[in-house]
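Beneath this line is the structure, given in structure tokens, with notes to follow.
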Amino acid sequence: MVSEDPNQQDQDGTPSQTSALQEHPNLSVHPSVSIHPSVSAQPSVSIHPSVSAHPSVSIHPSVSVYPSSSAHHSTLAQPSGLIQPSSSGPEDLSMIKVSKRRWAVVLVFSCYSMCNAFQWIQYSSINNIFMNFYGVSAFAIDWLSMCYMLIYIPLLLPVAWLLEKFGLRTIALAGSALNCLGAWVKLGSLKPHLFPVTVLGQVICSVAQVFILGMPSRIASVWFGANEVSTACSIAVFGNQLGIAIGFLVPPVLVPNVKDQDKLAYHISIMFYIIAGVATLLFILVIIVFKEKPKHPPSRAQSLSYALASTDASYLSSIIRLFKNLNFVLLVITYGLNAGAFYALSTLLTRMVIFHYPGEEVNAGRIGLTIVLAGMLGAVISGIWLDRTKTYKETTLVVYIMTLVGMVVYTYTLNLGHLWVVFITAGAMGFFMTGYLPLGFEFAVELTYPESEGMSSGLLNVSAQVFGIIFTIAQGQIIDNYEIMPGNIFLCVFLTLGAVLTAFIKADLRRQDANKETPETKPQEGEEEEEDSKSSKAPTTVQEEHF
């Protein structure tokens, strides 16, 4: 039997490990097969059907297989029950340690996600001003927001493949570079007849968003320990929400509603130059700060994920497995309904506010700011709560129900004639509605482990974009043909459906089960470049010969 404990510590604080190789009639030396130090292969083996390393083999995160099992060559579940990690990279999988760099990575990501989200909402927050400047309809300006949603759908699978093939750093560089390029292209659209140029810039930013939206849960899993992942995911999502908040607040201040076209072009240019400068700075920071992965896995679940990873994974197979997971399918639908309602409200908020409160463009932006700031607070509180309690199902259901309650209250108070009431009700709704977004990401990872976080998050975002487009167009048409209240009631109906479906999701927390298979001590914290010179540890290799 092979037995190793990566969490065992020497007196000087450096990790130590022991191993013993006992005689076994079916085990002989072979130079090509090794076992991960944190994995134990024992004669008493079991198979768990809920976690699979390859379409043809199912392996529980505690890692044991029957002798008759077979797997893909990059996973290598061998006849004697041994598994060889597929990664031969420089990271040391025998030690659980978190890196100090993790905070810099998540903050830089959060910042360029913020910049991209600002560019999504900057047109809608001053919808009427851009309509007058470019001489286009409200629907044309709405499409500058909806193109973010539309472009995401066909590009999800290619970007998910790129994420698995080339890793986090390449995706981060691509996302921040495209975001920067789109910002500079918009500077060529400062004449009323150049609306197609601003559309081109927005489309480029929309492509950048595909490289951004699915990253929070992946960054949290790769860089953060088991007791930090939900908080880290909330911080990563926090940036996107902050960008939307700034997108509601800043454009009405920088671009006043003036009649003179030259003055208006000047004010628009100031906004475009500022965002282009910020995007450029963030691209440089990504080049400097962003790294592919830490030297050591930050949690036992991530260590096992490396061991089970297959570089030749079939994305079609992965999608099929995900859609056979009923709990995940329900979450995809409910997440899409919630996030789609948020996208529609964000896009149409200014139109709704100035319909009841003419001339209040600045306050409309402040109401949007209130919604998102309250949601950011809700997201952080939710992340901390999940890390402490692990009550994913219960928290998600409560937040969803409160989102519905907040939407109903907002709907019936919007037309009372008191802006301060709208601020309060919109803030209460936003606390739960946008606070739900990181909950969905983390719940999806729990339900689908060890499938790629990028794939599960990407499918959630596809659902959000699809429902976002449907809700934005439908609610916009209802507002144009009827009034504001019927449009908001339309969203309340679908949020009710989402709350009901959430109640049927079973809390199958597979990642938590993986972390609990062997008690995990608190991970060490240190620089990933640090070499363990004091440690006499050497990776233990167990070798075998095929039957």
Side-chain angles (χ1 to χ4, degrees), residues 113-131 138 141-146 148-149 202 205 209 237-257 268 271 274-275 338-379 403 406-407 409-411 413-416 418-437 464 468 471-472 475-476 479 484 487-488 491 495:
S113 177
M114 171 191 71
C115 182
N116 184 260
F118 176 92
Q119 297 196 76
W120 168 58
I121 207 65
Q122 65 180 346
Y123 295 99
S124 295
S125 62
I126 47 175
N127 175 287
N128 57 324
I129 295 175
F130 277 109
M131 283 171 55
I141 300 300
D142 288 345
W143 267 110
L144 290 176
S145 172
M146 288 189 289
Y148 262 60
M149 309 174 202
Q202 191 73 342
C205 292
Q209 177 218 209
V237 174
F238 181 95
N240 196 270
Q241 295 173 338
L242 180 60
I244 298 172
I246 297 173
F248 278 119
L249 178 66
V250 172
V253 175
L254 292 180
V255 187
N257 193 2
I268 293 174
M271 179 174 69
I274 290 174
I275 197 66
N338 189 300
F342 170 66
Y343 290 161
L345 278 173
S346 300
T347 302
L348 302 172
L349 180 66
T350 300
R351 291 171 61 183
M352 288 190 282
V353 172
I354 63 177
F355 179 87
H356 291 295
Y357 307 92
E360 294 287 356
E361 289 89 356
V362 173
N363 274 322
R366 290 172 180 167
I367 291 171
L369 174 69
T370 302
I371 290 174
V372 181
L373 287 179
M376 290 160 57
L377 178 62
T403 297
M407 184 67 200
V409 173
Y410 168 79
T411 298
T413 57
L414 182 61
N415 61 352
L416 292 182
H418 302 289
L419 267 176
W420 64 270
V421 175
V422 180
F423 273 94
I424 293 174
T425 57
M429 175 187 65
F431 180 87
F432 296 103
M433 179 175 280
T434 57
Y436 169 85
L437 302 182
F471 289 169
T472 301
Q475 189 179 17
I479 290 173
I484 305 298
N488 286 332
L491 293 184
L495 286 175

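Side-chain contact check for Leu416 versus His356: every heavy-atom pair is 4.5 Å or farther apart. With a 4.5 Å cut-off on side-chain heavy atoms, Met352 and Gln475 count as touching. The closest side-chain heavy-atom distance from Asn363 to Val422 is not below 4.5 Å. With a 4.5 Å cut-off on side-chain heavy atoms, Phe471 and Leu345 do not count as touching. By the 4.5 Å heavy-atom criterion applied to side chains, Ile484 and Arg351 are not counted as neighbours. Side-chain atoms of Gln119 and Tyr148, non-hydrogen and from C-beta on, do get closer than 4.5 Å to each other. Taking 4.5 Å as the limit, some side-chain heavy atom of Cys205 sits within range of a side-chain heavy atom of Asn116.
Separation of the Tyr123 and Trp143 ring centroids does not fall under the 6.0 Å cut-off.
Residues Leu491 and Ala341 share a closest heavy-atom pair of CD1-O, 4.1 Å. Contact record, Ser125 with Pro252: O-CG, 4.2 Å, taken as the closest heavy-atom pair. Nearest heavy atoms, Asp142 versus Asn127: OD1-ND2, 3.4 Å. In plain terms, the two heavy atoms of Ile141 and Phe130 that are nearest each other are CD1-CB, 3.8 Å. Nearest heavy atom pair, residue Tyr357 against residue Leu414, reads OH-O, 2.9 Å.
Applying the side chain to side chain donor-acceptor pair (under 3.5 Å) test to residues at least two apart or on different chains, the pairs with a partner in residues 419-428 are Thr413-Thr425.
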Thr350/Ser124 under side chain to side chain contact (heavy atoms under 4.5 Å, CB included): CA gap, chis, key distance, verdict: CA-CA 7 Å; Thr350 300; Ser124 295; over 6 Å; no
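Defined by atom type and a distance below 3.5 Å, a donor-acceptor pair is present between the side-chain atoms of Thr347 and Ser145.
Between the CZ atom in Phe423 and the CG atom in Leu369 there is a gap of 8.5 Å [rounded to 0.5 Å]. Between Leu249 atom CG and Phe118 atom CZ the span is 9.5 Å, to the nearest 0.5 Å.
Take Gln122 and apply the side-chain hydrogen bond (donor to acceptor under 3.5 Å, both in side chains) test, not counting sequence neighbours, and it matches no residue. With sequence neighbours excluded, the residues satisfying side-chain contact (heavy atoms from CB on, under 4.5 Å) with Asn128 are Asn257, Glu361. Among residues two or more places apart in sequence or in another chain, the salt bridge (Lys or Arg N to Asp or Glu O under 4.0 Å) test is passed with Arg366 by none.
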Output side-chain donor-acceptor pairs under 3.5 Å for residues 426-433, partner residues at least two apart or in another chain, one line each.
none

Donor-acceptor pairs are to be reported for all side-chain atoms of residues 238-247 against protein atoms at under 3.5 Å, with residues two or more places apart or in another chain.
| unit_1 | atom_1 | unit_2 | atom_2 | d |
| --- | --- | --- | --- | --- |
| Asn240 | ND2 | Ser113 | OG | 3.2 |
| Gln241 | NE2 | Thr434 | O | 2.6 |

